[in-house]
Every structure is written in C-alpha cells, then in structure tokens.
Protein chains: 2
Amino acid sequence: MKFSAQEEYGLRCLIRIGKYFKVKKSLTIPEISNYEGISQHNVGKILRVLRLGGFLDSERGQLGGYTLSASPEKIRIIDVLNVLGGRLYDDSFCQSHTGMNEICTNTTECSVRSLWKIIQDSVDNVLVHLTLQDLLGTEDNVFSLFDVAPSNNSSN
Amino acid sequence: MKFSAQEEYGLRCLIRIGKYFKVKKSLTIPEISNYEGISQHNVGKILRVLRLGGFLDSERGQLGGYTLSASPEKIRIIDVLNVLGGRLYDDSFCQSHTGMNEICTNTTECSVRSLWKIIQDSVDNVLVHLTLQDLLGTEDNVFSLFDVAPSNNSSN
DNA sequence: TTGAATCTTGATAAAAAAGTCAAGATTATA
DNA sequence: TATAATCTTGACTTTTTTATCAAGATTCAA
C-alpha cells in the first residue's frame, strides 16, 4: 500500500498555496517549484489536476498564479486525496450486493475485497473531518485531533 | 493510495493455501493458478515473496507444493501486507525527531508526512489483531470484528 | 536409472506511472 | 501594439512496476 507521487506532491503544493490564502497572495508555478523542489513542468502538471478537481483557481497573464478556490477549512483532505490518487476500494465493485455488511469468504477474491473495504472505511473515518486548515497552522496540530499515542518525551 | 498487484494477488494466494491447511493438503503452482486466474509464472513469483517472508513452506518434487508455515491464526495480516507491499509511512523517515508527537507544519513536506503517519496508524489499528484465520472461515466474518455500520437490510 | 512433476532463479518483455518538453493562449504594462 | 510573464495542453521520454520466459534443481516412482 503506497501513496502515489501525485498524492504526495499534490498535497504539498496545495498546502503551500493555502499558506498564502490569508494574505490573498497567489503563487506562480516557478514560486511553488522553488519552495517545494519540484520541477516547474511537474508542478504545472500537478496543479492542473488540482484545478480540474475544483480546489484551485488560476489566473493567466503577468499577474497570474494560483489561489485556493475556497477557504482552507472548506477544503476536505479526503476529497483532495480522492482526486489526486483515487480510492483504495471502489463501491461499484460490489454493486450487486448493495446491502453487504459481512465479509464474503466464498472466494478468496471476495475476502480480499472485504479487507480492502475495511481499510478504506478506517482511512475515511480518519480523514472525513480533516480540512486543509488542519495542515496549515502551527498551533492547530493534527495529532492532537486524534488519539495518537505520544512518545515518552513529556519529561524532556 | 493504492494496493499493489502483489498485495492483491499475494493475499489471494495465501488465503487459497490457507483454506487447505486443515486437511493438510499442499497446493501446487498450477492449482493455485487455476483457482485464482493468475498465470503460473506470476504465481511462482508471488509465492516466492511469501516464502521468503516466512509465511509459506515449499517442497519440491513430484509430490511437492506449498503449505502454510504456521496455522492461520498465527499468521498476522499486517505482517503479510508489510512483506508484500511495504509500509505507507516508515518510521526511519523522522528518525531525527524521535520524540515527535505533534504535527510539524514548518514545512509542507512535514505536514504531509504527519498525515501519512496518521493514516498508517489507523490502518495498523485495524489490522493488528487480524489473522489469516479471519479471512478463511465462513462463520468467522471480518466485519463482525469491527464496528462497520450495517446497511438498513435488517428486515430483509 | 530414467522420466515426469514439481519448485527456483535470473533475465527479458510489457504495461503503467512519473516526469519532461515544446508550442500555444492569456493578461498586464510600457 | 509589442513584450514579458504567466497559465494550458498534448506529445514525448524515462523510470518503475508488473508479468513472462527459459533454464536449472529437486523429488518421487516405476
């Protein structure tokens, strides 16, 4: 199970642009390329996906660049990741069993699909309330939103 | 975020072999190929990974084939998936922040890494108690082990 | 010992993903 | 209008993943 390069870079670009939302500054492809260490061509390609996904607005011309299409707290990370990298488990797979809520072990394939669905549900539960805003600020940190066991550094 | 073909096929092959554990029958590459619709060459390649990972024993010769190296309830799915597909987030990445328990939003890259780690933790929590046995039997179904919201088909 | 059935391994080929390139379109400013 | 800075798009190349192939090694049974 891996994240694609497009998910990694796409999220980084979106966060970068999001950091400038408050000051209403748009970022250009060369600027993002410099910040993130991704080639300009590749940034252009990735931003296209985010723009078509509805997360970014773009403006051409000398004063052009990219801005968020909505405020950071309105942009859900789950939606962004679905656009950038697709989903682990697609519900259309088991359309014939719309009410399915038990694992199907009749075939090995179905066992595996059920497992994928469980994992997908787990990830969805983590992401469903997470917005871009949660990935921006230094005071609002993400781990505090979840029950991640802290390392034993409370005495440091 | 996607599963690799090796994870999908590897798990299917392992489940298939596991179904014959009770009757102490070993399965050959051609048999598994027929059952799962995967080419013999590909089955051989995938089983090699599972064997090197310690989940399968193999025997050559006319009566040869593959068997589980341990009983299904001893084989943890989390270990199998780690061997077949690697991990989403590798702890070695943030070795320099061994005590890190807050999201690092100083750089976009660190925000994203923190997110990957959260997702990895979520998946681990789902998988940590799941064994191959849970994917085999028809009476032991996986969904019942977790709180997956049932569809409204209780009256059907 | 011979042959058939099996697993084992490294090399090769095909497919998919990732990244690059070049030409074009738009906008602001002088 | 002319120029410079920008985004836009489709084609191309490279890299990685996936799948196939071929030769070899092992085991059993006649």
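Lettering follows sequence order; numbering is per chain, from 1.
- If B:Pro30 and A:Asn42 are placed on DNA chain C by their nearest nucleotide, the residue sitting closer to the 5' end is B:Pro30.
- Whole-Å rounding puts the B:Arg48 CZ to C:dT9 C1' distance at 6 Å.
- Residue contacts for A:Gly44: at a heavy-atom cut-off of 4.0 Å it reaches no nucleic acid atom on any strand shown.
- Atom pair A:Ile29:CD1 and C:dT20:P shows a separation of 14 Å (rounding to whole Å applied).
- Atom C1' of nucleotide C:dA17 and atom CD of A:Glu7 are separated by 12 Å, given to the nearest angstrom.
- The distance from atom CG of A:Leu47 to atom P of C:dG19 is 14 Å, rounded to the nearest whole Å.
- The CZ atom of B:Arg51 sits 13 Å away from the C1' atom of C:dT6 (whole-angstrom rounding).
- Whole-Å rounding puts the B:Glu31 CD to C:dT6 C1' distance at 11 Å.
- Distance alone, capped at 3.5 Å, places no donor-acceptor pair between the A:Glu36 side chain and the A:Cys13 backbone.
- Residue B:Gln40 contributes atom CD, which lies 11 Å from atom C1' of C:dT6 at whole-angstrom precision.
- Looking at which nucleotide of DNA chain D each of A:Leu63 and A:His41 is closest to, the 5′-most match is held by A:Leu63.
- In this structure, A:Ser122 contributes its side chain and A:Ile118 its backbone to no donor-acceptor pair below 3.5 Å.
- For the pair A:Phe3 CZ and C:dA17 P, the interatomic distance rounds to 17 Å; values are reported in whole Å.
- Side chain of A:Gln62, nearest nucleotide from C:dT26, C:dT27, C:dA18: C:dT27.
- Every pair passing salt bridge (Lys or Arg N to Asp or Glu O under 4.0 Å) that includes a residue from residues 76-87 of chain A is listed here, sequence neighbours excluded: A:Arg76-A:Asp79, A:Arg87-A:Asp124.
- Residue B:Gln6 is out of contact with every strand shown, counting any heavy-atom pair closer than 4.0 Å.
- Here the closest heavy-atom approach between residue A:Ser26 and residue A:Gly64 is recorded as OG-O, 3.7 Å.
- Protein chain B contacts DNA chain D from D:dT18 to D:dA29, reading 5' to 3' and using non-hydrogen atoms of the protein with a distance under 4.0 Å.
- A distance-only check finds no donor-acceptor pair linking the side chain of A:Glu8 to the backbone of A:Ala5 [under 3.5 Å].
- Within the structure, a side-chain polar atom (N or O) of A:Ser39 is placed less than 4.0 Å from OP1 or OP2 of C:dT20.
- Within 6.0 Å of NZ in A:Lys25 there are more than 12 heavy atoms belonging to other residues, nucleotides or ligands.
- Scanning both residues, A:Ser4 and A:Gly85, for their nearest heavy atoms gives OG-CA, 4.5 Å.
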